Protein chains: 2
Amino acid sequence: MEPQKRPGGRSARVREAVRQATLAELAEHGYAGLTVENVAERSGVHKTTVYRRWGGIEGLISDALELAGEEPWPIPDTGSIAGDLRGVVQLVRSGFADPELGPVSSAFVAAAVQDPAAAKALHDFFAARHEQSAQVVRRAIERGELPDVVDPSEVIRVAVAPVYYRLFVAHEPVSEHDADRAADAALAAARAGVL
Amino acid sequence: MEPQKRPGGRSARVREAVRQATLAELAEHGYAGLTVENVAERSGVHKTTVYRRWGGIEGLISDALELAGEEPWPIPDTGSIAGDLRGVVQLVRSGFADPELGPVSSAFVAAAVQDPAAAKALHDFFAARHEQSAQVVRRAIERGELPDVVDPSEVIRVAVAPVYYRLFVAHEPVSEHDADRAADAALAAARAGVL
DNA sequence: CTCCAAAGACTACTCCAGTTGCGTTTACCT
DNA sequence: AGGTAAACGCAACTGGAGTAGTCTTTGGAG
């Protein structure tokens, strides 16, 4: 009574096992502590197989990232653009603050800074996120809360950028207040029509 | 006729040679391609000496970063906060776009994402940069261009954040227009009093 | 000028990430 | 069912990062 056989046999099981092991290792040891051997041992798949199919750590990251990108992203709907934008930014902040998800998310960013393949995967990931999150801005435009000249995805970028900047560039702590302020700043700029 | 002897003898020369070699290797091969052996060979200093004094790649990066932090940062003075802010952000953008400085600067960011020591060094670096750049905002407040409730360094952060976000998180290209727009957005938020 | 302590150079070693070649298993196809 | 090609497992090997011990050089002090 195998789970299911149609979408693939052994290979599919191996792939899934490795993906899960990668995420688990990432959560435990972070990106710096991620090794192919540990992933292989945890997944029960042999070391050489991982090297052949994934090519190395970068491949593991890209694959896991692709998996993460398929998961849906909750879009806030508080009724006002102010609340929605704050919701989006807080979601980002809390995601990295989470002791379980945080290290995994951070690992993706870390990997992308070094490996071009991971960078491409992360680029696509964020393109999708921007597109989805921009929904809150489009709704606001329809409601007349914002001028229709604003670029919806640009508002999202400017809103979340300070959080990422603090986390991965300046390496400063990010409080809830910081997140709200970033969202409010993006909103003020959008209202002024500069975005 | 040695350059100068007071500030130290052999050790000082070794340290300087290694620092320069680190920067040169960083510019050529980036952070991913940086190895202790290459730095040692280029500097003419033995491998073991580098390991003993710097401890490894992280130490090399931290040391080079400390050196970079001592260099002065040009503060724009165009007469208006709008021009000054744009100048600050453009300076960031052009720094990373430069074919020589870009890889080095990027390497610092990459290193800091992985190594705590480099992260600390980069944190201090940006703290100093924020403090210096905030000057343009403080002048604007004095001139009455901005309300005196605004947080000068926060305006800087919000202004430059989208550039870094595009470069190192979303991995999107950054145009001059993007940089100007980010500066304008921060200014609009500051005028609205939300920063 | 001579001596000495600190710092660097050198050699040889260890250890582990990544590779290679080959044997074995597995899913799919007729 | 049986055959086959792809995918996986396995063990041995390679290469380079990092370490340890020892010798040599250097810069300063009396």
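Just so you know, these numbers come straight off a predicted model, no measurement behind them.
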*Can you tell me how far P of D/dC10 sits from CD of A/E37, to the nearest Å?*
14 Å
*asked:* So if I take residues 58-67 of chain A and measure heavy-atom distances to DNA chain C, which residues fall below 4.0 Å?
replied: none
Please report, to 0.1 Å, the donor-acceptor pairs under 3.5 Å made by any side chain of residues 44-59 of chain A, with sequence neighbours excluded.
unit_1	atom_1	unit_2	atom_2	d
A/K47	NZ	A/E37	OE2	3.2
A/W54	NE1	A/D63	OD2	3.2

Please list every donor-acceptor pair under 3.5 Å in which a side-chain atom of residues 106-119 of chain B meets a protein atom from a residue at least two apart or in another chain.
unit_1	atom_1	unit_2	atom_2	d
B/S106	OG	B/G102	O	2.9
B/D115	OD2	B/A117	N	3.2
B/D115	OD2	B/A118	N	2.9

*Note: B/D178-B/R181 ion pair, threshold 4.0 Å (strictly below)*: yes
*Over how many whole Å does the gap from B/K47 atom NZ to C/dA12 atom C1' extend?*
10 Å
*asked:* Quick check for you: among C/dG8, C/dA17, D/dC10, whose closest atom lies nearest to any side-chain atom of B/V14?
replied: C/dG8
*Whether A/S43 side chain and A/A40 backbone form a donor-acceptor pair below 3.5 Å*: yes
*asked:* Less than 4.0 angstrom between a side-chain N/O of B/T48 and OP1 or OP2 of C/dA9, yes or no?
replied: no
*State, to 0.1 Å, how close B/A24 and B/R42 come at their nearest heavy-atom pair, and which atoms those are.*
CB-NH1, 3.2 Å
*Is the shortest distance from a Lys or Arg side-chain nitrogen in B/E131 or B/R138 to a carboxylate oxygen in the other one below 4.0 Å?*
yes
*asked:* Please determine whether a side-chain nitrogen or oxygen atom of A/Y51 lies at a distance below 4.0 Å from atom OP1 or OP2 of C/dG18.
replied: yes
*asked:* Output the rounded distance in Å from CZ (A/R15) to P (D/dA7).
replied: 13 Å
*Name the nucleic acid region contacted by B/R53, choosing base, sugar-phosphate or nothing; use a 4.0 angstrom heavy-atom cut-off, strictly under.*
sugar-phosphate
*Round to the nearest Å and state the distance from B/R52 atom CZ to C/dA6 atom P.*
15 Å
*asked:* Categorize B/T35 for me: base, sugar-phosphate, or nothing, with a 4.0 angstrom heavy-atom threshold over every strand shown.
replied: sugar-phosphate
*Distance check: side-chain N/O of B/R13 vs OP1/OP2 of D/dG27, anything under 4.0 Å?*
yes
*asked:* Tell me the interatomic distance from A/E41, atom CD, to C/dC16, atom C1', rounded to whole angstroms.
replied: 14 Å
_Given C/dA9, D/dC8, C/dG18, the nucleotide with the shortest approach to the side chain of A/V36_ = C/dG18
_Any A/S11 side-chain N or O less than 4.0 Å from OP1/OP2 of D/dA7_ = no
*Mind checking B/G44 for me? I need base, sugar-phosphate or nothing, with any heavy atom below 4.0 Å counting as a touch.*
sugar-phosphate
*Just to confirm, is there a sub-4.0 Å distance from OP1 or OP2 of D/dC8 to any side-chain nitrogen or oxygen of A/H46?*
no
*Ion pair present between A/K120 and A/E66, side-chain N to carboxylate O less than 4.0 angstrom?*
no
